[in-house]
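So the structure is just underneath, and the comments pick up after that.
Counting convention: from 1, in listed order, for ligands and their atoms alike. These numbers come from a predicted model, not from an experiment.
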Amino acid sequence: VIRDAIARDIAAIVGQGGVLQGPAARPYLTDATEAQGLVGRADAVCLPTSVDQVQAVLSWCYAHDVAVIPRGGGTGYAGGAVPLEGGVVVALGRLDGVDTFDPFEWRIRVKAGIVTRRLKHLVRSHGLWFPPDPGAAESSQIGGNIATNAGGPHAFKYGVTGKWVTGIEAIVPPGDRIEIGGPIRKDVAGYDLKSLLTGSEGTLAIITAAWLRLTPAPEAALPIVAFYPDEISGCAAIARVVATGLLPATLEYLDATTLAAAGATFPGGLPEDAAFLVVAEADGSLAAATALRDELQVTLSDDAVEVRAPAERAAIDALWNWREGVSIAVTTMRGGKLSEDIVVPVDQINAALTEIDALGRRYGLATCSWGHAGDGNIHATFMLSRDDRDELERVEQAARELLHFAVSAGGSISGEHGIGWVKRGELARQWPPRAIELHEQIKLLFDPKCLLNPGKKTT
Ligand SMILES: Cc1cc2nc3c(=O)[nH]c(=O)nc-3n(C[C@H](O)[C@H](O)[C@H](O)COP(=O)(O)OP(=O)(O)OC[C@H]3O[C@@H](n4cnc5c(N)ncnc54)[C@H](O)[C@@H]3O)c2cc1C
């Protein structure tokens, strides 16, 4: 089958306007790994407008032995949505409707392409909340969040995306539509296929819609920001919060280099000798949030340079807007970066930060880190100048060593971004051989021709 013939046949399914070619297709060939030079090649990029069209595209591709690469907002950090060796990119962005919204039942059924921020705004206008909050909310889609089981700061108290998904509609090879779960809160009827598809990174199915659980928006969400003179005192503060059993909605940290990169715009300015920042948030009814905020303030005070508790709406919004911009501020330091998402037991965070510093020195790289401290989820970051091949190789080597460190510390090579392409082959370091075998067999059971997102999430 020649390339143009593929595009022509796909256009017969989704319409001429639903197939992108040339420069219009270019943004669909990369994701957030672009700074690492990862740019793919597709035979066709299509934007279906209905579930029937998604089903027909997958059926056509399966019948013609053509690879299919599901794509959400392209904000992933693992190269998961990048078409590596041709095939048809199925971009879900035009499938962004709301099927059913039952505010009084605290639930909603949405199509996979709805953008995270839009969903959050919609439910918020009814006093409800969808807690998962991966950083690129203005672009990432619910389908992509489910496919990566995305987290974000509020995962500490509220859990990752999968915890809020009660049903999934998906197209599985060779082109069958299945729906598992629904508007229900409990379901142990079969093997937990819903959870299996959650985090499957487009390698088992194309997710087309989902039932989501919602919760009433908390009356108050009060942040506490605590600055420390060094990593040791900051990590000790995190450990204290976890040990006390206090349950903030978020428990985040940023190291000294991250503060240097993003600190110029920190609301209210940074204290002079701040070299480590912890951000917690107390939520609930106003009374409960205030009481928890006060307790956290005391717990975080030991050895702190300064502790602040912004209370005005504008100041709180400014703080979280700043936090959202941290990743971009770090990127602009050198033009690029590789951000890992290892997880370690919370008592190993300090050791992980020491390891990141050591790797930076050993490989001659600028490093920094921030992350979801309460979950032990560390965005270890290696700065990159674009087009410096030698530096990129050193960064990749250092990142691989960091993954090995995470496993040896009893952690995981990925807490948020997934395996995708960039961590291919690394799972075998973390899992025993029989578990790896089962992983591979599950893939073949769903996708015997290995046409769904080939090369991704491999062991
Ligand atoms: C600035 C920034 C901050 C971020 N912060 C966080 C964070 O705090 N927490 C976190 O977890 N992640 C974070 N991320 C990573 C990313 O935003 C999340 O992984 C996000 O959920 C990916 O969604 P997406 O729609 O962009 O998916 P894409 O990047 O398009 O795809 C990701 C993977 O999912 C698959 N996929 C996408 N849609 C579907 C579908 N409908 N059906 C089947 N497979 C599909 C793709 O094939 C690919 O393997 C951040 C990214 C950026 C750029």
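- Among all non-hydrogen protein atoms, the one lying nearest atom 37 (C) of ligand 1 is Gly72 N, 3.3 Å.
- Summarising the local packing, CD1 of Ile328 is surrounded by 12 or fewer heavy atoms from other residues, nucleotides or ligands at distances under 6.0 Å.
- For atom 27 (O) of ligand 1, the closest non-hydrogen atom on the protein side is Gly144 CA, 3.6 Å.
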Legend entry - Verdict with reasoning, Thr458 to Lys443, per side-chain hydrogen bond (donor to acceptor under 3.5 Å, both in side chains): CA-CA 9 Å; Thr458 56; Lys443 166 68 177 172; over 6 Å; no

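- Close N/O approach between Glu416 and ligand 1 is found [any backbone or side-chain N/O within under 3.5 Å].
- Atom 4 (C) of ligand 1 has as its closest protein heavy atom Gly135 N, 3.5 Å.
- A heavy-atom separation below 4.0 Å is not found between Asp31 and ligand 1.
- Two residues are said to be in side-chain contact when any heavy atoms from C-beta on lie closer than 4.5 Å; Ile6 and Val88 meet this criterion.
- Atoms of ligand 1 found under 4.0 Å from any heavy atom of Glu201, numbered from 1 in the order shown, are 35 (C), 47 (O), 49 (O).
- By the 4.5 Å heavy-atom criterion applied to side chains, Asp447 and Tyr62 are counted as neighbours.
- Each of the following atoms of ligand 1 lies closer than 4.0 Å to a heavy atom of Asn145: 20 (C), 21 (O), 23 (O).
- Ring pair Trp60/His64 is parallel by interplanar angle, where below 30° counts as parallel and above 60° as perpendicular.
- The shortest contact between atom 35 (C) of ligand 1 and any protein heavy atom is with Ala147 CB, 3.6 Å.
- Distances below 4.0 Å separate heavy atoms of Ala205 from the following atoms of ligand 1: 43 (C).
- With values rounded to the nearest 0.5 angstrom, Asn149 atom CG is found 10.0 Å from Glu416 atom CD.
- For atom 22 (C) of ligand 1, the closest non-hydrogen atom of the protein is Thr75 OG1, 3.4 Å.
- Atom 31 (O) of ligand 1 has as its closest protein heavy atom Ala81 CB, 3.8 Å.
- Within a 6.0 Å sphere centred on CD of Gln441, heavy atoms belonging to other residues, nucleotides or ligands number more than 12.
- A salt bridge does not link Asp102 to Arg109: none of the charged side-chain nitrogens sits closer than 4.0 Å to a carboxylate oxygen.
- When each of Ile356, Leu359, Val344, Ile413 is checked for a side-chain contact (heavy atoms from CB on, under 4.5 Å) with Phe405, only Val344 meets the rule.
- Between Trp164 and Tyr158, the two ring planes are tilted [angle within 30° to 60°].
- For His372, the heavy-atom gap to ligand 1 drops under 4.0 angstrom.
- Shown in contact with Gly73 at under 4.0 Å from a heavy atom are these atoms of ligand 1, numbered in order with element: 24 (P), 25 (O), 26 (O), 27 (O), 30 (O).
- The shortest N/O to N/O separation between Tyr77 and ligand 1 does not fall below 3.5 Å.
- For the ligand labelled ligand 1, residue Arg71 lies inside the 4.0 Å heavy-atom shell.
- Annotation for ligand 1: atoms under 4.0 Å from non-hydrogen atoms of Leu92 are 41 (N).
- Comparing Val68, Thr148, Asp341, Leu204 by heavy-atom distance to atom 32 (C) of ligand 1, the nearest is Thr148.
- In this structure, atom 28 (P) of ligand 1 lies nearest to the protein heavy atom Gly74 N, 3.5 Å.
- Using cut-offs of 30° and 60° on the angle between ring planes, the pair Tyr77 and His417 is tilted.
- Both the sub-6.0 Å distance and the 45° axial angle are not jointly satisfied by Arg323 relative to the ring of Trp320.
- Annotation for ligand 1: atoms under 4.0 Å from non-hydrogen atoms of Ala150 are 11 (O), 21 (O).
- Ligand 1 does not have Gly420 within reach: every non-hydrogen atom of the residue lies 4.0 Å or more from it.
- Here Asn453 has side-chain heavy atoms under 4.0 Å from ligand 1, and that is the only part of it that gets that close.
- Ring geometry for His379 against Trp370 counts as tilted: the plane angle lies between 30° and 60°, on a 0 to 90° scale.
- Geometrically, ligand 1 and Ile69 share no nitrogen or oxygen pair separated by less than 3.5 Å.
- Salt bridge Glu281/Lys157: absent, no basic N to carboxylate O contact under 4.0 Å.
- Counting only heavy atoms of the protein, atom 13 (C) of ligand 1 lies nearest to Pro134 CB, 3.9 Å.
- Close approach of ligand 1 to Ile206 is summarised as follows: ligand atoms under 4.0 Å from at least one heavy atom of the residue are 42 (N), 43 (C).
- Which of Gly113, Gly80, Gly325, Ser139 comes nearest to atom 48 (C) of ligand 1 through a heavy atom is settled by distance: it is Gly80.
- A salt bridge links Lys457 with Glu201: the distance from a Lys NZ or Arg NE/NH1/NH2 to an Asp or Glu carboxylate oxygen falls below 4.0 Å.
- Which parts of ligand 1 touch Pro70 is read off a 4.0 Å heavy-atom cut-off, strictly below it: atoms 43 (C), 44 (N), 45 (C), 46 (C), 47 (O).
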